There are 2 protein chains.
Amino acid sequence: MARLPRVSPDAILAAAALEFAERGFAGARVDRIARRAQVNKAMLYYHFRSKQHLYRTLLRRMFTLAAARLQTIAASTASPADKVAGALAGMAAFIAEHAPFPRIMLREVAEGGVHLDADTLKALAAVPRAFGAIVHQGVESGAFRRVDPMFAYFSMLAPLVFYLAGAPIRKEIGHLHVAGFRSRPPAEFVRHMQDAVRRSFARDPQRKRGRSS
Amino acid sequence: MARLPRVSPDAILAAAALEFAERGFAGARVDRIARRAQVNKAMLYYHFRSKQHLYRTLLRRMFTLAAARLQTIAASTASPADKVAGALAGMAAFIAEHAPFPRIMLREVAEGGVHLDADTLKALAAVPRAFGAIVHQGVESGAFRRVDPMFAYFSMLAPLVFYLAGAPIRKEIGHLHVAGFRSRPPAEFVRHMQDAVRRSFARDPQRKRGRSS
DNA sequence: GTCTATACTTCGATAGAC
DNA sequence: GTCTATCGAAGTATAGAC
């Protein structure tokens, strides 16, 4: 919409997302990002101060977009159960639009956030927070049994991120003819998770004293 | 048990595990591994041919040990439900003994296995396979509803690995005073997962036609 | 804003003495 | 088997012309 569509910065961020997802911060090569974005390397350093600054900018943006998606769902008028199912579908859709996201997320958890500044860490923290809010609503309203929202976050999002980030290595392993490694499509895994979570969050059937074995 | 307890190779592997977990393959420094293991760098290259060879040796060993733990549980005479709970506890115990494991696992999934050879990939594949076998037994025996064993693997192990690997970054975020980021101890999360999985694998209560809404 | 050429640094790996 | 010293390849970043 701007006067001249200065494609450079966005093209650089898109190329950086691919490179950082595939190789990680240390393994990523600035030359390769520049080549992928079809810009000169000096141009990259002109727009972003350093490799680290580029990385932080990219991650802040990604985490903010992902959290926004979840916040929209949290603020909707749907039932808690539908919000939880919607959160899983929403994150799967977000990843379909931003393919490098899950691998970057996995890497950053493993890194322990060492390359991130406070702002970027806060942007990252907004993702589990938005998710936890949805679960918290469901527990407070009595729709779910008492589950810890942060625990629920890990038990729902981790499988999704893991499964979608794991497509390349499953493909590698598949080449070795290892039994049971046909990779089923993401949509089927999302349905599995929706089903699993619905069952796992459901309140216990009411007994006389509400106490099970 | 050997004549002279040549500590070098094992010390190098232990130091490498820490370094690769913290920094990844590309970020790891051979000098740092040697210093951590208190051996000369040339000695490291004498025992292991290269950084890549050291990495593959380490991962092959780790994956093989983890898979063996699961295979033992799979071969036991416990009920499927107990095996599943035991697999979660067993993996948590394995990670307690091998702290670098979850971060390395996360990184390798994100890497897509690019640094691994066929043997190491097969060792990695043995982990989900052993896990899938346990779930498969439960489904076949009628103890569980029909769940895809590989899907079940991702929905159970990913949260555990993610949660345990995520301790450092949660600590970082906690320093920023972000709400809801007190990190609860691993044992509590294991219980949460055991509970969640038990509910999620349970067969539907028998209705007249076995068909729900 | 854009490019070329290059300075400076780090790192994996080895040669060669003991 | 063990160590010191160092080579050569990459890799981040910038200077300076246009």
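We use all heavy atoms of the structure for the numbers below, so side chains are in, but hydrogens, waters and symmetry mates are not. A, B, ... follow the sequence lines: proteins, then strands. Residue 1 opens every chain. Source: prediction; values computed, not measured.
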Next item on the list: Find the distance B/Arg35:CZ to D/dC3:P and express it as a whole number of Å.
Entry: 15 Å
Notebook entry, point to check: Tell me: OH of B/Tyr46 to C1' of C/dC18, nearest whole Å?
Noted result: 15 Å
Next item on the list: Just call it for B/Ala28: base, sugar-phosphate, or nothing, with non-hydrogen atoms closer than 4.0 Å on any strand.
Entry: sugar-phosphate
Next item on the list: May I ask you to decide whether A/Arg198 forms a salt bridge with A/Asp195, counting only side-chain N to carboxylate O separations under 4.0 Å?
Entry: yes
Note to self: What verdict does the side chain to side chain contact (heavy atoms under 4.5 Å, CB included) test give for A/Val161 and A/Val109, after you've listed the backbone C-alpha separation in whole Å, the side-chain angles of each residue and the deciding distance to 0.1 Å?
What the structure shows: CA-CA 12 Å; A/Val161 169; A/Val109 169; over 6 Å; no
Next item on the list: For the side chain of A/Asn40, starting at C-beta, report the closest nucleotide among C/dT14, C/dA13, C/dT4.
Entry: C/dT4
Next item on the list: Ignoring backbone atoms, test whether A/Tyr45 places a side-chain nitrogen or oxygen under 4.0 Å from the OP1 or OP2 oxygen of D/dT14.
Entry: no
Check: So which of A/Leu58, A/Val39, A/Thr57 actually passes side chain to side chain contact (heavy atoms under 4.5 Å, CB included) with A/Ile12?
Finding: A/Val39
Notebook entry, point to check: Rounded to whole angstrom units, what separation is found between the CG atom of B/Asp31 and the P atom of D/dT6?
Noted result: 16 Å
Checklist line | Candidates D/dC3, C/dC3, C/dT2 - which lies nearest the side chain of A/His47 | finding: C/dT2
Next item on the list: Rounded off to whole Å, could you give me the NZ-to-C1' distance for the B/Lys51 and C/dC11 pair?
Entry: 8 Å
Next item on the list: Kindly say if A/Arg29 contacts the phosphate of D/dA10, meaning a side-chain N or O under 4.0 Å from OP1 or OP2.
Entry: no
Check: Which nucleotide in the list C/dG12, D/dT12, C/dT2 gets nearest to the side chain of A/Val30?
Finding: D/dT12
Check: Are the aromatic ring centres of A/Phe151 and B/Tyr163 under 6.0 angstrom apart?
Finding: yes
Check: Between B/Arg32 and A/Ala42, which has a closest nucleotide on DNA chain C that is more 5'?
Finding: A/Ala42
